[in-house]
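Take a look at the structure below.
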2 protein chains.
Amino acid sequence: MPPRSTGLLGALDSTSDRAVFRQIADQLREAIDKGRFAEGDKLPSETELIDHYGASRMTVRNAISLLQGEGLVVSEHGKGVFVRPRPPVRRLASDRFARRHREQGKSAFTVEAEAVGSRPEVDDLVVREERPSQDIATRLGGARKVLARRRRYLLDGRPVEFAVSYLPLNLARNTPIAEPNPGPGGIYARLEELGHRLDHFEEEIRARMPSPEEAKTLRLASGVPVIHLIRTAYDTEGRPVEVCDTLMAADAYVLAYQLPAT
Amino acid sequence: MPPRSTGLLGALDSTSDRAVFRQIADQLREAIDKGRFAEGDKLPSETELIDHYGASRMTVRNAISLLQGEGLVVSEHGKGVFVRPRPPVRRLASDRFARRHREQGKSAFTVEAEAVGSRPEVDDLVVREERPSQDIATRLGGARKVLARRRRYLLDGRPVEFAVSYLPLNLARNTPIAEPNPGPGGIYARLEELGHRLDHFEEEIRARMPSPEEAKTLRLASGVPVIHLIRTAYDTEGRPVEVCDTLMAADAYVLAYQLPAT
DNA sequence: TAGTGGTCTAGACCACCTA
DNA sequence: AGGTGGTCTAGACCACTAA
């Protein structure tokens, strides 16, 4: 008879005081780490694991749930549990806001995606006037009303980033910035045309687990954190002219920065 | 009779097709978000939730496990389930490697911790020669052997960061860099004294869930991701002189960077 | 239709903490 | 000793997917 997929797994150590579901998770994790199950492979079904280990269904499910929390596997109802495929990663370079990149026609996201052969999309574009949260208001130097631009970025149909840009209303109202499509080079190009020459950006980075709502927006598998990035753009007079609040699927990004030694 | 802690919770919607354990989790989450349970507060016990909702124990535990995965609560055996306290956050500023900060006596970590009234500790200091991984070797320009400095940083007894520095062996051997305590200003100060004037650093940032081993080293609650930071230091001749591979408890850090607009 | 994971019940025994 | 969460069993019915 052909080897079943549980042939790749060992036996439990009944003398160990490590919980059975942890031992099962350990064995599956090791098999994944060593490549005996590759990315996208199906793990043995719950029934097979129950037979192999002689454990109850809840114990087996507990083990799998542990691996889900670690981001190692994803389950698909009616199909099985699979080793989580690693999506292509988008690298944000430290010079990504250099002026020369704005002087092309397309947006940075589009250019970059096409360079690596991915299909870029932007949806959920909502532009409207709002009263900012306390935090955003402070970052914008005390703005009372702001223009908020919300959008979601997708690569090959997969959402990877959700971003909201806030600009002081007195600066953005009745300009191309308030249009759904602000034109070539994006809002930073428009800001400069309006006389707000950009000097530098400050970024703050945090990582955490998503709320259920955020997980839904980014279609995140369980066990995938988000990177929360808040960027403030300053003009040459030191005034903040934009705050961008961004939530990124952590498994889709690497952020790169350069730091001076002086 | 006095209000029990479940008095803060509503009833289930039996007409909803949302799973019972999700509804229970939703109610607890909302109560936490709205501050009806504050940081560090104890949630109703499993028994109380079972009585309140008329659900079975597994259903209630399933709900709590959902909240654990979101990083909202932590359970303590024999005590209860608590709203996860937010630890003080360590902010890494964009000028943290400026030369002027090295010219003091103490390490950056120590100075910074004492400034915010925390007690800094460094343990697990292991310094030894190693053969680098392919990735580290590449980053160091093809080094065959390296000096590896491992250490764990703690604030008020809580581990927050685990870091390994790699330096080309031919550069670090028989220097203070190979000592457990490299002296005031740390290894960057020593590198400069040895004639390797530092020019800039490059950092790469990722976020993900920790492996069980990493979670143990950093004593992470479930639902807390890690920030994985890889820094390469370059001297004025453009040569990489150090790679530092760092794992940080994501709930203990905010990283700040400055980006040029030009 | 058969196999998969998703939800739920009703119990049991254990380990840990506080008192 | 009593309350808390941790582990485990043995079932049940359901929803989704594929052949």
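Below, chain A is the first sequence line, B the second, and so on; all start at residue 1.
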- 5'-most contact on DNA chain D: B/Glu76 or A/Arg57, nearest heavy atom basis?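 Closest to the 5' end, via its nearest nucleotide, is B/Glu76.
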Please report the distance, rounded to the nearest Å, between [atom1] in [X] and [atom2] in [N].
| X | N | atom1 | atom2 | result |
| --- | --- | --- | --- | --- |
| A/Gln68 | C/dG5 | CD | P | 11 Å |
| B/Glu48 | D/dG2 | CD | P | 18 Å |
| A/Ile50 | C/dG3 | CD1 | P | 14 Å |
| B/Asn62 | C/dC8 | CG | C1' | 9 Å |
| B/Glu46 | C/dA15 | CD | P | 17 Å |

- Is any N or O donor-acceptor pair between the side chain of A/Arg61 and the base of C/dT7 shorter than 3.5 Å?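 Absent.
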- Message: Once hydrogens and angles are ignored, does a donor-acceptor distance under 3.5 Å link the base of C/dT7 to the side chain of B/Arg18?
- Response: no
- Do A/Asp26 and A/Arg22 meet the salt-bridge criterion of a basic N to acidic O distance under 4.0 Å?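 Judged by the 4.0 Å cut-off on N to carboxylate O distance, A/Arg22 and A/Asp26 do not form a salt bridge.
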- Which residue, A/Met58 or A/Val81, contacts DNA chain C at a nucleotide closer to its 5' end, judged by nearest heavy atom? A/Val81
- At what distance, to the nearest 0.5 angstrom, does CZ of A/Arg231 lie from CD of A/Glu204?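 The distance works out to 12.5 Å.
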Measuring from the side chain of [X] (C-beta onward, heavy atoms only), which nucleotide among [options] has the closest atom?
| X | options | value |
| --- | --- | --- |
| B/Val20 | D/dG5, D/dT9, C/dC8 | C/dC8 |
| A/Ser56 | D/dC8, D/dG5, C/dC8 | D/dC8 |
| B/Lys79 | C/dC17, D/dC8, C/dG6 | C/dC17 |
| A/Thr47 | C/dT4, D/dT9, C/dG5 | C/dT4 |

- Message: Any base atoms under 4.0 Å from B/Arg22, or only sugar-phosphate, or nothing? Heavy atoms, all strands.
- Response: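 Here B/Arg22 touches the backbone only, sparing every base.
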- Message: Please determine whether side-chain hydrogen bond (donor to acceptor under 3.5 Å, both in side chains) holds for the pair B/Tyr53 and B/Gln23, giving the CA-CA distance in whole Å, both sets of side-chain angles, and the decisive distance to 0.1 Å.
- Response: CA-CA 10 Å; B/Tyr53 288 113; B/Gln23 292 190 49; over 6 Å; no
- Has A/His77 got its ring stacked on the base of C/dG6, with centres under 5.5 Å and planes less than 30° apart? no
- Is there side-chain contact between A/Leu66 and A/Phe21, with at least one heavy-atom pair below 4.5 Å? yes
